[in-house]
Trainee: 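Below you will find the structure I want to go over with you.
Since the model is a prediction, treat every value here as computed from it, not as a measurement. Heavy atoms only: backbone and side chains are in, while hydrogens, waters and symmetry mates are out.
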Amino acid sequence: MKLAQLALLAPLLFGPEIGPNDFRISDMGSGGPFGRAEDPAVAYNGTDGLYLVVWQGEDSGSGEREVYGQLLDATGGEVGTNDFRISDMGPDGDDDFAAREVAVAYNATDNEFLVVWSGEDQGVSESEIYGQRIDGATGAELGANDFRISDMGPEGSIFFDAFHPAVAHNPAANEYVVVWSGDDNTAPLADEEFEIFGQRIDGATGAEVGTNDFRISDMGPDTGGGFFDANEPHVTYNALDDEYFVVWRGSDDVGPLVGGEIEIFGQRLDGATAADVGTNDFRISDMGPDGVPGFDAFDPVAAYNPTDGEYLVVWWAEDDTPPHVFAEHEIYGQRIDASTGSEVGANDFLISDMGPDGDTGFIAKDPGVAYSSAAGAYLVVWSGDDDTAPLVNGEFEIFAQVLDGPTGAELGPNDFALSDMGPAGVTFFGGFCPDVAYNPTDDELLVVWYGDDDVGGLGNNEFEAFGQRLLLCSSAGASAEVARLGSPPNPSALLPGLTSGPVIGSTWDPVVDHSTFLPGATFDFLGITATAVNLDLSPLGTLLCDPALIVTIETVAAGTPFAVPVPPDCIFVGVGVCTQGASVDALGTIRLTNALDVTIGSF
């Protein structure tokens, strides 16, 4: 039997999903298409143990989109006012004024959140970036209402806009940096030339700090016309180096790139001044052949890993690396050295595997990523459709993949589905646009998304925000080790304290010196169970164990070290693994037994 059979016992011991399945967060409108929640974002407040989930929504049925929020406790329970409104764009009831593309960051210094969005408040079709400070404990608004952050182009002009804001907090300076994609008229920029801009915001007051609407990206020549653009930025903060890291998708003319060839770029910014650090607009992705438009990369997001001093950047794209083909979209990643901006490890490594290779009918898109310091691992989430039964093509769910922090290697199940929107095999229900936040207090992650489900009175095309709590596995060594002598006892066979692990996803040598079991034995073996009991190995002999609890038997030649593979599954974290070592004489009689028991990882 194989060690993986421990998974049969795992539901009683451990599961990566915790708490209610696909719990509903929003309650927009009166049902059906006349009220909806879309594109949620989430941040965690470690002071009070609360999450703030925000989204753009229609609640009145008038088509007027505003930003709403909900506080959740660590268990996912709602706290305070239900679906409280955050933005007030234009006159109430006028759907020509809207708030969209919401993002949120937490400020532990002042125990508050900053929510930012792209909205129309000055005039119809004049989009700028706005913000609202939110009390971390109560959800109450703080400071100026819907304060304006960006100033793209002349006042009143509908030809200059700001979209796709992102925000990060810097505790060293108690400042936020808000970044966005904008079209400005500040020389030498021209109309329809979208670049990435930023604004520092005082964490305590919401006042602007430093240069107004400072420019971050430089995609192509400053000639306008939209041939070279920067869009969809994301920002994270690196406390070790006191730097921000901004990523975006863009089209540049730096050889061998050509106009219309969309790749992922990055820029490090000084934490105190937001000035550029290191290489300007360095390229991160390499989708398809250089100089060939059509292999595009979209929606990058980045997470900072303080343990290894790295960022992980993930995006969705189409590439030509076999067996993948043009128009086959998957999730890709790149590790980046946080202190230099240089690439680390495999280039543009593939994370998702949606549907058969080479089939463009399956897609992965809109990724999110967070780093768990306790597990030393990343969680990457995305919306995709897969053909793994009972799923069918066109049935979008939220998928996830755990990646090892030091190496980027996949851990645990491949592309596991987090959401269950609607009946399996039905394409009318789906999950979209996930985001994820890490809760270090409880070593959990909260994944949020919007979707339509058939649970609790919900119907088709009734989009709401949903959530799922998740616990990652730790790759740490054993948290406990207990030696048990067999009958007859053989103390020299046990070397407690020297076990090599076990470590999730690697090989475990229990350090049982079986060469001392019985010289000249026909064979020695190591049995592994989920409880500290003996094994029944009839007709060879008896170790007095319930055979239903046997997980694996590794047979080795006398004098050969035991080597036990530990599957890279989160279900093994915290599970006690009990080994039984034995020798069998020439007649097949079990002569000596010993055990060395450990617990994998830690909670």
Trainee: Decide yes or no on side chain to side chain contact (heavy atoms under 4.5 Å, CB included) for L269 and I216, but give the supporting numbers first.
Mentor: CA-CA 9 Å; L269 303 178; I216 298 172; 4.0 Å; yes

Trainee: Please say which of Y378, Y237, F245 ends up in a ring pair (Phe, Tyr, Trp, His ring centres under 6.0 Å) with Y311.
Mentor: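 Considering Y378, Y237, F245, a ring pair (Phe, Tyr, Trp, His ring centres under 6.0 Å) with Y311 is found only for F245.
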
Trainee: Would L403 and I351 count as a side chain to side chain contact (heavy atoms under 4.5 Å, CB included) if you check the C-alpha gap in whole Å, the side-chain angles of each, and the deciding distance to 0.1 Å?
Mentor: CA-CA 9 Å; L403 301 179; I351 297 174; 3.9 Å; yes

Trainee: Compare all side-chain heavy atoms of Y438 with those of D443 and state whether any distance is below 4.5 angstrom.
Mentor: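 Y438 vs D443: side chains touch.
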
Trainee: Answer yes or no: is there an ion pair linking D276 with R215, defined by an N-O contact shorter than 4.0 Å?
Mentor: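 No.
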
Trainee: Looking only at non-hydrogen atoms, find the nearest pair between A230 and I196 and report the distance.
Mentor: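 Of all heavy-atom pairs spanning A230 and I196, the closest is CB-CG1, 3.6 Å.
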
Trainee: Would you tell me whether Y332 and D348 have side-chain atoms, one donor and one acceptor, within less than 3.5 Å of each other?
Mentor: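 Note: Y332 and D348 side chains miss the donor-acceptor criterion.
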
Trainee: Less than 4.5 Å apart, side chain to side chain, heavy atoms only: is that true for D183 and E192?
Mentor: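 Answer yes - side chains close enough.
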
Trainee: Is a side-chain N or O of D452 found less than 3.5 angstrom from the main chain of G430, in a donor-acceptor match?
Mentor: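 Checked: pair present.
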
Trainee: Can you check whether D415 reaches M354 side chain to side chain, under 4.5 Å on heavy atoms?
Mentor: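 Side-chain contact under 4.5 Å: yes.
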
Trainee: Answer yes or no: is there a donor N or O on one side and an acceptor on the other, between the side chain of R335 and the main chain of T407, under 3.5 Å?
Mentor: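 Indeed, once roles are kept as given, a pair shorter than 3.5 Å links the two residues.
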
Trainee: Please work out which of the three classes, parallel, tilted or perpendicular, describes the rings of W382 and F399, given edges at 30° and 60°.
Mentor: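 Judged by the thresholds at 30° and 60°, the geometry between F399 and W382 is parallel.
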
Trainee: Over 60° means perpendicular and under 30° means parallel, so classify the ring planes of W449 and F466, tilted if in between.
Mentor: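 Ring orientation of F466 relative to W449: parallel.
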
Trainee: Would you find a donor on one side and an acceptor on the other, under 3.5 Å apart, between the side chain of E66 and the backbone of D59?
Mentor: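 No; judged by distance alone, with no hydrogens or angles, the pair does not exist.
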
Trainee: Roughly how far apart are F429 CZ and N460 CG, rounded to 0.5 Å?
Mentor: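 Taking CZ in F429 and CG in N460, the distance rounds to 5.0 Å.
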
Trainee: Quick check for you: to the nearest 0.5 Å, what is the distance between Y176 atom OH and R133 atom CZ?
Mentor: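 It comes to 7.0 Å.
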
Trainee: Applying side chain to side chain donor-acceptor pair (under 3.5 Å), can you list everything that pairs with D420, at least two apart in sequence or on another chain?
Mentor: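 Side chain to side chain donor-acceptor pair (under 3.5 Å) check on D420 returns N21.
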
Trainee: Locate the shortest heavy-atom distance separating P233 from V179; write the atom from each residue and the value.
Mentor: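 Smallest heavy-atom distance, with atoms named: CB-CG2, 4.0 Å.
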
Trainee: Between Y68 and D83, do the side chains contain a donor N or O and an acceptor N or O under 3.5 Å apart?
Mentor: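 No, no side-chain donor-acceptor contact under 3.5 Å.
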
Trainee: Please name the pair of heavy atoms, one in A74 and one in N439, separated by the smallest distance, quoted to 0.1 Å.
Mentor: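 What the structure gives for the nearest pair is CB-ND2, 4.2 Å.
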
Trainee: Closer than 3.5 angstrom, by distance alone: can the side chain of D453 be matched with the main-chain N or O of G422 as a donor-acceptor pair?
Mentor: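 Indeed, once roles are kept as given, a pair shorter than 3.5 Å links the two residues.
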
Trainee: Can you label the angle between the H329 ring and the F298 ring as parallel, tilted or perpendicular, going by 30° and 60°?
Mentor: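 Ring orientation, 0 to 90° scale: tilted.
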
Trainee: Drop me the distance from I336's CD1 to N305's CG, to the nearest 0.5 angstrom.
Mentor: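 One finds 13.0 Å between CD1 of I336 and CG of N305.
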
Trainee: What verdict does the side chain to side chain donor-acceptor pair (under 3.5 Å) test give for Y130 and S150, after you've listed the backbone C-alpha separation in whole Å, the side-chain angles of each residue and the deciding distance to 0.1 Å?
Mentor: CA-CA 7 Å; Y130 295 86; S150 69; over 6 Å; no

Trainee: Measuring from I264:CD1 to D299:CG, what's the distance to the nearest 0.5 Å?
Mentor: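 If I round to the nearest 0.5 Å, the distance is 8.0 Å.
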
Trainee: If you measure from CD on E397 to CG on D22, what distance do you get to the nearest 0.5 Å?
Mentor: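 Going from the CD atom of E397 to the CG atom of D22 covers 7.5 Å.
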
Trainee: Any heavy-atom pair between the side chains of F23 and L72 that's under 4.5 Å?
Mentor: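 Result yes, sub-4.5 Å side-chain heavy-atom pair found.
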
Trainee: For F113 and Y106, take the angle between the two ring planes, folded into 0 to 90°, and tell me which bin it lands in: parallel under 30, tilted 30 to 60, perpendicular over 60.
Mentor: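 Because their plane-to-plane angle lies in the 30° to 60° range, the rings of F113 and Y106 count as tilted.
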
Trainee: Testing the basics here: between F194 and S181, what is the closest heavy-atom pair and its distance to 0.1 Å?
Mentor: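 Taking F194 first and S181 second, the nearest heavy atoms are CD2-OG, 3.6 Å.
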
Trainee: Taking the side chain as C-beta and beyond, is there a heavy-atom pair between L189 and E195 under 4.5 Å?
Mentor: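 When only atoms from C-beta onward are counted, E195 and L189 do touch, with a gap below 4.5 Å.
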
Trainee: Does a salt bridge link E38 with R100, judged by any charged N lying under 4.0 Å from a carboxylate O?
Mentor: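 Salt bridge absent between E38 and R100.
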
Trainee: Ignoring hydrogens, what is the shortest heavy-atom contact between Q132 and D146? Give both atom names and the distance.
Mentor: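 Heavy atoms only, the tightest pair is OE1-N, 2.8 Å.
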
Trainee: F396 ring centre to K365 NZ or CZ under 6.0 Å, with the angle to the axis within 45°?
Mentor: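 Yes.
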
Trainee: Checking side-chain polar atoms at under 3.5 Å, does N174 have a donor or acceptor matched by the opposite partner on D202?
Mentor: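 The answer is no; no qualifying pair exists.
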
Trainee: Test side chain to side chain contact (heavy atoms under 4.5 Å, CB included) on L470 and L418; report intermediate values, then the result.
Mentor: CA-CA 9 Å; L470 193 71; L418 271 180; 3.7 Å; yes

Trainee: What distance do Q56 atom CD and E101 atom CD have between them, rounded to the nearest 0.5 Å?
Mentor: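 Spacing of CD (Q56) from CD (E101) equals 7.5 Å.
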
